[in-house]
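Heads up, the thing below is written out as structure tokens.
Whatever order the structure lists them in is the order used to number ligands and atoms, beginning at 1.
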Amino acid sequence: MSLHGNYDPQNIFAQIIRGEAPCYKLYEDDDVLAFLDLFPQSFGHTLVIPKRAAARNILDIDADNLCKLIRVAQHLAQVLVDELQPEGVQVAQFNGAPAGQTVFHIHMHIIPRFAGQGMGVHATSKADPTELEQLQARLVQRLRG
Ligand code: 5GP
């Protein structure tokens, strides 16, 4: 039932939105929040989430919030490409556990892809906090520029 169940307000991304759990924040406006993935599949792996939609997946979310989410995802993809200079960038979004979803608050993954480097295993290896802090500082600086 992971595709069709009720929204759980205690999911980790809802806690991050409420400020009850920390994140390496990159961008925030009234509707959307972007932060670094704690278990990145590549250097710069970023998550973008809607703040005002209690939606588990693409089937639940209203079109207005979905548009806002995608606009910010595009902006963050550009910032990541400008700052990290990957040869590719993967944008992904999973719906339901069989599709790979593990956190049931809709989100988009932006995963820089570097030539000759494979992608890490999904949601598995926790990044070094110092590396995440340094990367956050670089990307926030780039976003301001
Ligand atoms: P999904 O599998 O639902 O598409 O993606 C969930 C993502 O959230 C995974 O890439 C996983 O590494 C990431 N993640 C899980 N828990 C946390 C957390 O507490 N903080 C952050 N920043 N990312 C998380």
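- Side chain of Arg18 to backbone of Pro9: a donor-acceptor contact under 3.5 angstrom is found.
- Of all the heavy atoms of Tyr24, none lies under 4.0 Å from any atom of ligand 1, so neither backbone nor side chain is involved.
- Annotation: atom 19 (O) of ligand 1 to nearest protein heavy atom, Ile12 CG1, 3.3 Å.
- Considering backbone and side-chain atoms together, Asp37 places an N or O closer than 3.5 Å to an N or O of ligand 1.
- Side-chain contact between Tyr27 and Val140 is absent, with no heavy atoms from C-beta onward closer than 4.5 Å.
- Taking only nitrogen or oxygen atoms, main chain and side chain alike, Gly100 reaches within less than 3.5 Å of ligand 1.
- Using cut-offs of 30° and 60° on the angle between ring planes, the pair Phe35 and Phe13 is perpendicular.
- Ligand 1 lies nowhere less than 4.0 angstrom from a heavy atom belonging to Cys23.
- Below 4.0 Å from some heavy atom of Ala123 lie the following atoms of ligand 1, by number and element: 9 (C), 11 (C), 12 (O).
- Here the two rings, on His105 and His107, have centers that are 6.0 Å apart or farther.
- Counting heavy atoms under 4.0 Å from ligand 1, residue Leu47 touches it through the side chain alone.
- When all heavy atoms of Arg138 and Glu83 are compared, the closest pair comes out as NE-OE2, 2.8 Å.
- Scanning the protein for heavy atoms near atom 2 (O) of ligand 1, the closest one is His122 NE2, 2.4 Å.
- For the pair His107 and ligand 1, a heavy-atom separation below 4.0 Å is found.
- Note on Asp31 versus Lys68: salt bridge recorded, some NZ/NE/NH1/NH2 to OD/OE distance being below 4.0 Å.
- The distance from ligand 1 to the heavy atoms of Thr102 drops below 4.0 Å at these ligand atoms: 1 (P), 2 (O), 3 (O), 5 (O), 6 (C).
- For the residue pair Asp82/Gln78, the side-chain donor-acceptor check at 3.5 Å is satisfied.
- Between Leu26 and Leu76 the shortest heavy-atom distance is CD1-CD1, 4.1 Å.
- Residue Phe39 touches ligand 1 through backbone and side chain together, judged by heavy-atom distances below 4.0 Å.
- Side-chain contact, Asp62 with Asn65: a donor N or O sits under 3.5 Å from an acceptor N or O.
- Contact annotation: His109 has at least one heavy atom less than 4.0 Å from an atom of ligand 1.
- Between His45 and ligand 1, no N or O atom pair is found at a separation short of 3.5 Å.
- Using 4.0 Å as the threshold, Phe13 has a heavy atom nearer than that to some atom of ligand 1.
- In the vicinity of Leu38, heavy-atom distances shorter than 4.0 Å reach the ligand 1 atoms 18 (C), 19 (O), 20 (N), 21 (C), 22 (N), 23 (N).
- For the pair Leu36 and ligand 1, a heavy-atom separation below 4.0 Å is found.
- For His122 and Phe39, the ring centers sit 6.0 Å or farther from each other.
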